[in-house]
Structures are given as structure tokens and as C-alpha cells.
Amino acid sequence: MGASIEYALVQTVNPYTQVPVNVVVATSLIGKYFKPEGENGDFTVIDEKTKVFPWRIITRFSGSQLEEAEYEQLLPFEANSPAVIESITPGAKPFRVLLDSFVTTEDGTGIVHTAPAFGADDYKVGKKYGIGILTLVDREGKFVEGVGEFSGRYVKDYKSQESYVDVNVDIAVKLKKENRAFRVEKYQHNYPHCWRTDKPILYYPLDAWFISTTAIRDKMVALNKTINWKPKSTGEGRFGNWLENMVDWNLSRSRYWGTPLPIWRTEDGTEQICIGTIAQLREELHKSVEAGFVSRDCKKGQADLPQKIEKLLSDLHKPFVDEIILVSPSGKPMHRVPDLIDVWFDSGAMPYAQWGLPDTSSNQFGPLSSENFFQYHALNGKVSAQAFPASFIAEGVDQTRGWFYTLHAIASLLFDSVAYQTVVSNGLVLDKNGNKMSKRLGNVVDPFQTIESFGADATRWYLITNASPWDNLKFDLEGIKEVQRKFFGTLYNTYQFFALYANVDGFSYKETSIVLAQRPEIDRWILSSLHTLIQKVTAAMDDYEPTQAGRLIEDFVDQQLSNWYVRLCRRRFWKGEYSADKISAYQTLYECLETIVRLMAPISPFFSDALFLQLNAVTGRYTAESVHHVNYPVADSSFIDQALEERMQLAQDASSLVLSLRKKVNIKVRQPLQRVLIPVLDPVMQTQLQRIEDLIKAEVNVKSIEYLSADNTFIKKKIKPNFIALGKKLGAKMKAVSTLLSGFSQDQIAMLEKEGQINLQVEGEALVLQLAETEISSEDIPGWTVAGKGKLTVALDITVTPELEAEGHAREFVNRIQKIRKDAGFELTDRVLVKVQAPAGLTNSLASFKTYICDEILADSLEFSNEMAAITTIEINEETIQVQVTKKG
RNA sequence: AGAUCCGUAGCUCAGCCUGGUUAGAGCACUACACUGAUAAUGUAGGGGUCAGCAGUUCAAAUCUGCUCGGGUCUACCA
């Protein structure tokens, strides 16, 4: 453009890269390095202290106008002279301003320095403009000869030398001295470091072999869309983006250990061969020896040449493989290229490499395809033809660009196929503070020690149920303890409870299984819940959601089985004869336990097996030696009764409400109460409740449950909008209607219920409100102690009549005697004789419930007496009585 | 820097996809109760600006955008 710019400001954080070929890339130039007060300042006086530099705007132009502008080399040396550059890259035109979009004006001056040999972006733009490439740093990390005083110095401290002087500082000093540095300052920035030694890494331009994966990018993207990713976002986001921006797969590795790249080429690189099989290599080796080349001791004309060649071929690792010299078509020697194959290639080739190549010479199956490949091996009995693609694989999310990619790439390349249908990309196990576990930081939890102290199953259960596999897990031993106590403890307790009574009664599931219809409702309920559980757990497992599956099992064991079924059924196990009802209880609980251990077996392989074996040892229902040899449970929908499960939920809620009312008025559960009142909003609800009212009565110790029908004006109701139904209809008027409804009188609610609709005036407009657009629930029953949850409201009659009080005394008494029995170490079945000395009131109470008491405490006699020998003092409802309990016989 | 996940009670997590008016559970804590499953159990209580800001909407933990904080990956460790 004819103008000459004296200086351009350039920012770099790595001065050492300045030395080779200093070129600049600009997108725009901004004056942010100059303070406003310096504009048109005194150009003869520069105040170094205030850093106010005089400056003046001469002209404005965009960075693109500087494109191709030549500039004076910053640090000219012998080794980076234009002549040397020309000799390395003929026709190169260095020292020009280049443009690229990766430079922004947000940081620095908008001009950066680029070194094509030291980074991918730099390399790309350098290549585009043809500025040549220079490597002034050798493979040890030192400057090469010919860069003046810097020659031979390490650009970073690679030897951990105490005397190391940062060459970058010296370069900065030199630039400063030559008045070529505008400002030098310390700056913290990210620099890549070796993951193992923490030493700084240098980018280095090397020749490499690539697989042209970009050629099949579209195919890989399309195939990826058919893979079921867990979680989805990793497949669409992290992996999807990765594929969209994929570059060719660099197959070369410059290491010692690994698979040698099977390519031999002539020194000038004009002829080369890629060996596919050992047989081919053998053939080529023979040819080469024949042509007069010597590979190790394989020489033409030797008697035992075949043996020598076999010996050489028997180990194709480095360094032996590099002794093999092949011959090119034109008769030149070919040496193996020094590179190794990326180990990730091996991992990605796993599905096929593990079976080996088929014998393609017969061409039995036509061209190579996944079908043919696995067909071939299937015929040889090695593997099923359906073995590919894999149903699912799982690995850490850090494998997205590793194993997940290589499997996908190779399957796409070879067979136009996915390598796996589902992939679970696990999150990481972090320490309890959310940091990655690292040996260096010492925050690693030793898995073997954890398993030693808490058991593999508790550890597994914790890992699986605490967080979805793809979420990171904050590992905390407290969580394992909780699992032990909460889940395994409860399950084992339940089993022990079962075993205790099953042993007493000699239950071994020898009776025919009682048909469902003949089992009591509570048994049908737990079995219904059990089969619903099987359904849900199976669905979760099929959806690769083991966390959901585990949590469902946990919830069932704790909430339904232990704290409801067993608690409510306890009496059935210890009371009475070995009747049909008792057998039903045993069978039902047994079936639950047996199914649970089968369901949990994949997550908890040892505990489930132990429990299964204990159960099965008695009943012999299975001939299998292990729970893992038994099929996974299959839900039988004929067991599932949704209405039953719903009403049991009602029973649980109602009981919980009554118990909370008892608590509120401080009447203990052992004190019987007369009645509970439940308003029912519709006939279905009443039917549902009536069918489980015996359970509620027993659970909360009340004599009767009464129902108040919906039209009973006794109940106070409340109304609120059904937001989902009304929202669409009303839109902005929603608020007004909501306010209106909250002000509804009991009469208005009753009117709406009766008519099914009601006319309203909302913001001056008429509106017909339908019953279905509202939600009505009972709020209060005046004069009663009430509690509510959702649509359910219960009221409790808290009057304790003398009769009820007497029964309460009797129950207290039973409880005390049971404790004495237990303390005395009596067997569950021991009969006893009881003598009591009590105040008159209590004596009357106990006497009137004598049959009940004797039945409960297995007493053959209950006598009231004033003269007693060995006595125990007990307290019942703040009154003291004396008792004597002796074992009969 | 880019990509992605996460952020809800002291702790671990549900709820979010598909917006609906008192945001749940377990643990821990406190109190009370229960006691032939007892190293178990029940009931109740305290504890939340749903990371923050803005937007969309009659209505936002939920949808959108931005910001902050944390994790992970970004091409020669496996």
C-alpha cells in the first residue's frame, strides 16, 4: 500500500519461538497499549515511570490491509537466515504479515507471533502462506547451532538443573537492549506438561503416517446417530462434535514398545510395501534374500535358510523386526519405517483382532464384510456370527476420544458398521471433595481396602445406586456404611425374621403353592408390588439404568417389604397354628425374598448368592447351584393389581396420618381408640378404603372407621384451580380466577359440585367454570382432630372411655409380661403361669381381658393374689403392680 | 481457549425431558414414642434466595441466554 510502518506491536508468551522465523499474523491493530493522555504528547520526552508513551493516530486501517506486508526480521541469525529457509523450503517467502481468524483483539495487540514448527494453528497458516518451516530446537529441547549466543541452550528446564537460566529471559533482555521490545513482563499462562514427569512439552514437527478418516467423516457421523449413548449428551455433544471436527488419524508413534508399523520403503521413499500377514512377510523375505540382501543371518545360498527365516519371523517385535530388509520391485533395499502404531489402533481393532483374519485365500465368503468375517469364525466354532456389533460397551467418559473413537473408526472403515449398539460412558470416581483421585495428591481411596472392610457388595451397591454411571461420583465411605445399614441390614433382618419363625414351624415350602386368589389381601398386595417391581427393574436394566434399578429394589425392601408387609404381618408368623394363613404368609415372604435376591444379583453378586443358597437349602426349589445360574425374574402381570396397590397406599397414608394425630395429642398407640372419620370425595375412594380398613384399624389401634360422604356439609372443603386444565383456557386471566376461587364459600363449592359448573364474572367477562377445571379437597372437620395429605383427610376421635382405658391397661400388661418372658430367656413356645398383685382398678381391667391376655402371653393361668413369693415390680400407666411369671412344667 | 457434564437442605441425591402454585427422600441433628425383627423401627421438628442475573410465560427448580463455581476431555499414558 506504499506506506511504511516503523513498528508493529506483537505479543508472545514464549520468547524462544521468536528466534526461528518471526512472522506476524494480524486481524486488527488496536491502541490499547497506549494511554489516552499520551496522544499527541511530547515525542522527545518518554516518561518510563508513568508508562505514558506519546502517540498519534496517523491513519486507520484494518488488519487485513496489512496482509502480505513484509517486515524486518526481529532476531536474525545464521540458522534462520533467508538463505537457510530457502534451502529447506525452496520458494518460501518468510517475514510477512499473515491473516487468520484464530487471532482476536480481545487479548494482546491483535497481532501475534507465529511459529509454524510449534503449533497446529501456526503450522496451518504458515503452510497457507508458504512461509517455510524452520526447526531451531533439536529433539533434546536445545537450540541448534547457528543462533548465536543461544545455541546449545535448553529452551525449557529439561534437566532440572539448579543453574538453569531461562533462555526466554535472555531473549527478552536482548530484544529490550536492541530496543525491539515494547514491554516485557511476567505472565502466567497455560503450557502443556508431561502427564507423568510434569516437564514442559515442546511441539515438534515430525513426519507421520495417517489413516484418512476424514474421507469417511460423513459415514462416521451417520453411524454414530444409530448408537444408543448413555448419557445421550456425550454421544451428541462431546463425541458428535469430535466427529464433525475430526482430522486424520495419526497412526505413528515414536516410542519403543508397541506394534511396529508394517511398512517397508526405499531410502528415497519412492517405493514401499505394506505387509498384511506373516505369510506375506515370509514370501517377501525369501524374495529379498534371493535378491542378495541380508536380514540378520539370512543369506542367499545357506543350507538351513528356511529355518533361519522362520527364526527371524518368530518374533516380530522391535528391535528384531527392523533387521528384516525387503526388496523393492526395482531391486532396491527397503527398510521398515521407524514408527510404531498408535496403541489405540489395537484397542479399536479388538473385535476382529481377537479372532484373527480369516483365510481369505479360499475366497469362500467373498469380499471382507462384518457378516463374512464373523460367519467364517462362526463356522470354525470360535465365535457366534451375531457377536458383532457388540450389544454394549462401557468405559470412562475420558475414553470418548480413545476407545470409543477407535472402535467406531475401524468398524466404519472396515465394515460400514457400528462396533457397538449401546455405549455407557462412565463418569469418574472423585474423592469426597469432588477432586479427581490422584496418587500424587494422595487422595486416593484404596479399593481393595474398602472392599476388605465393607465388602464388595456394599461397595458395588453404593457405587451403582448413589449416582448414575455417567455422573461423577463423590466417593465417601460414609455412603457405603449407610448402604450396609440401610439396605443390606434391613434385607438381612427381614430374612432373619423369616428364618426364625420358619424354623419354629418347620416351613420348607413343601406344601403346594397357595393360589393367589386364596391368599389374604396383604399377601396379594406385596406380591402385586413385587411383580410391579420386577417390571420396573427390568425396564430400568433394559434401558441401561442400573441406578434406577437399584434404587427401586432398595425402596421396595425398605418401604414395602420390611416396614409394611413384615411389620403388619408379624403376628401371622408367631401366632397360632400352622394354618393355611400362616403358610400363605411364609410362602409370600419366601417368594419375595427369593425374587429380591434374584433381582439384585447383578448388582450384589455375593450377598444375593449367599441368601439364595440359604433359602434354597431349605426348600430346594431350584436345582441350580447359584443364584447366578437361575433366570432373571420375569414379571407375571396376573399378580399385578393396580387398585390394590393404590388402596394400600391409601392405607399407608391414612395410618401415617392417624399416628401423627396420636402423637399430637399424646395418646400412645397401645391405647385403643374408638373411631376414625374419613371424608370420601367419591364412591371409588370409599370402596378402596373399606377394603383395607381392617389393616388401618390394626395398625393404628382403633375400633372403627366411619366415612363421611361428599355431600355431607359437616366437612369444610377447599377449592383451587386445576392449573393444567385451566391454564390453556384462561391464559392471563388465571390469576384472577385463582383469587376468586380462594375466596369461594362452602355454598359456592357445594353448588359447583352439584351443578357441575358455575358462572363467574372475571374482569368484567362472563366465564363458565367446569367442575373438572377445579380441584376440591376436604380441609377440615370442625370439632375433630384432623390431618390431611393430598385428597386424604382423617379425623380421630380422641375420647378414651373407661372400657377403652381398661383395654389399654390390658395391652400394657401384655407388653410388660412379654418383656419379662424375654428377659427370663423363655422360649417362644413356653407356657407360663402368672400371678398378679395390683390396685383394684387395674385388677378389674386385667380381669375383664383375661382371655385376651392369656392368649397373648401364652399363659395357662392368670391369678390375682395378695401373697406372692418371687415378684417383679412393673409399672402400667403410672400405677405399680407386682407380678410373678413362672414357666410351666 | 473450545467442547461437555454438574451446581436443589449440613451431606448424598430425586424432581427438570413434557412449566402448574406448600420443592421431596435418605443420612446427620433434636424431641418423643415403640419394643417377641431390637446393633431394628415409628412420629414430629428445625434446616432451601433450587449457584447468580436477565428473558419467555398467566405461571419457571423446570424452557432460553449470559455470568460464576467445580469436574472431565482437547490428539505420543493406558
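Heavy-atom basis, side chains included; hydrogens, waters and symmetry copies ignored. So you know, we letter chains A, B, ... as the sequences are listed, proteins then strands, and number each from 1.
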If you only use heavy atoms from C-beta on, which nucleotide in [options] is closest to the side chain of [X]?
{"X": "Ser562(A)", "options": "G26(B), C13(B), A37(B)", "value": "A37(B)"}
{"X": "Asn563(A)", "options": "C76(B), A37(B), G42(B)", "value": "G42(B)"}
{"X": "Arg567(A)", "options": "A37(B), A78(B), G26(B)", "value": "A37(B)"}
{"X": "Asn493(A)", "options": "A14(B), C76(B), A40(B)", "value": "A40(B)"}
{"X": "Val247(A)", "options": "A75(B), G26(B), C76(B)", "value": "A75(B)"}
{"X": "Lys486(A)", "options": "C13(B), C77(B), U41(B)", "value": "U41(B)"}
{"X": "Ser254(A)", "options": "C76(B), A37(B), C27(B)", "value": "C76(B)"}
{"X": "Arg253(A)", "options": "G26(B), A37(B), C76(B)", "value": "C76(B)"}

Interatomic distance where [atom1] belongs to [X] and [atom2] belongs to [N] [whole Å]:
{"X": "Phe345(A)", "N": "A75(B)", "atom1": "CZ", "atom2": "P", "answer": "21 Å"}
{"X": "Glu244(A)", "N": "U74(B)", "atom1": "CD", "atom2": "P", "answer": "20 Å"}
{"X": "Trp470(A)", "N": "C73(B)", "atom1": "CH2", "atom2": "C1'", "answer": "19 Å"}
{"X": "Tyr462(A)", "N": "U12(B)", "atom1": "OH", "atom2": "C1'", "answer": "7 Å"}
{"X": "Lys819(A)", "N": "A37(B)", "atom1": "NZ", "atom2": "P", "answer": "13 Å"}
{"X": "Arg571(A)", "N": "C34(B)", "atom1": "CZ", "atom2": "P", "answer": "17 Å"}
{"X": "Trp403(A)", "N": "C73(B)", "atom1": "CH2", "atom2": "P", "answer": "18 Å"}
{"X": "Glu554(A)", "N": "A25(B)", "atom1": "CD", "atom2": "C1'", "answer": "11 Å"}

Check your understanding: Will you find, in the side chains of Asn493(A) and Ser562(A), an N or O donor that is under 3.5 Å from an N or O acceptor?
Key ->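 Absent: no donor and acceptor within the cut-off.
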Pairwise [atom1] distance, [M] and [N] [rounded to whole Å]:
{"N": "G15(B)", "M": "A51(B)", "atom1": "P", "value": "15 Å"}
{"N": "G52(B)", "M": "G7(B)", "atom1": "C1'", "value": "11 Å"}
{"N": "U64(B)", "M": "U56(B)", "atom1": "C1'", "value": "7 Å"}
{"N": "C34(B)", "M": "U43(B)", "atom1": "C1'", "value": "10 Å"}
{"N": "U8(B)", "M": "A14(B)", "atom1": "P", "value": "11 Å"}
{"N": "G24(B)", "M": "C68(B)", "atom1": "C1'", "value": "27 Å"}
{"N": "G55(B)", "M": "U62(B)", "atom1": "P", "value": "14 Å"}
{"N": "C29(B)", "M": "A9(B)", "atom1": "C1'", "value": "12 Å"}

Point to revise | Base A37(B) paired with Thr490(A) side chain (donor-acceptor, <3.5 Å) | key: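 No.
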**Study point:** Arg811(A) (side chain) donor-acceptor with Ile853(A) (main chain) under 3.5 angstrom
**Key:**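 Not confirmed, Arg811(A) side chain does not pair with Ile853(A) backbone.
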Suppose we define a pair by two distances each less than 3.5 Å, Watson-Crick or G-U wobble; what does [N] pair with here?
{"N": "A37(B)", "result": "none"}
{"N": "G69(B)", "result": "C6(B)"}
{"N": "A75(B)", "result": "none"}
{"N": "C63(B)", "result": "G55(B)"}
{"N": "C11(B)", "result": "G26(B)"}

Just call it for [X]: base, sugar-phosphate, or nothing, with non-hydrogen atoms closer than 4.0 Å on any strand.
{"X": "Gln818(A)", "answer": "base"}
{"X": "Trp344(A)", "answer": "base"}
{"X": "Arg551(A)", "answer": "sugar-phosphate"}
{"X": "Tyr501(A)", "answer": "sugar-phosphate"}
{"X": "Asn815(A)", "answer": "sugar-phosphate"}

Is there a side-chain polar atom (N or O) of [X] under 4.0 Å from OP1 or OP2 of [N]?
{"X": "Arg570(A)", "N": "A37(B)", "answer": "yes"}
{"X": "Arg485(A)", "N": "A28(B)", "answer": "yes"}
{"X": "Asn466(A)", "N": "C13(B)", "answer": "yes"}

**Study point:** Most 5' of Arg255(A) and Leu858(A) on RNA chain B, judged by nearest nucleotide
**Key:**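 This one resolves to Leu858(A).
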Point to revise | Nearest-nucleotide comparison on RNA chain B, the residue closer to the 5′ end among Ile857(A) and Val343(A) | key: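 Here Ile857(A) is the residue nearer the 5' end.
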Review point. So, Phe239(A) versus Phe404(A), ring centres under 6.0 angstrom or not?
Key: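 Not close enough - the centres of the two rings lie 6.0 Å or further apart.
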Point to revise | Pair Trp344(A) + Tyr405(A): ring centers closer than 6.0 Å | key: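 No, the ring centres sit 6.0 Å or more apart.
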**Study point:** Heavy-atom closest pair, residues Phe573(A) and Lys582(A)
**Key:**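 Answer, listing the atom of Phe573(A) first, then Lys582(A): O-CE, 3.0 Å.
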Practice item. Test Phe488(A) against every option in Val557(A), Val483(A), Leu611(A) by the side chain to side chain contact (heavy atoms under 4.5 Å, CB included) rule and name the one that passes. Key: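 Of all the options given, the one that passes is Val483(A).
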Exercise for review: Measure the acute angle between the ring planes of Phe497(A) and Tyr501(A), then classify it against the limits of 30° and 60° as parallel, tilted or perpendicular.
Suggested key: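 Because their plane-to-plane angle is over 60°, the rings of Phe497(A) and Tyr501(A) count as perpendicular.
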Practice item. Evaluate salt bridge (Lys or Arg N to Asp or Glu O under 4.0 Å) for Glu554(A) paired with Lys486(A), printing each intermediate quantity in order. Key: CA-CA 9 Å; Glu554(A) 252 174 15; Lys486(A) 192 83 188 140; over 6 Å; no
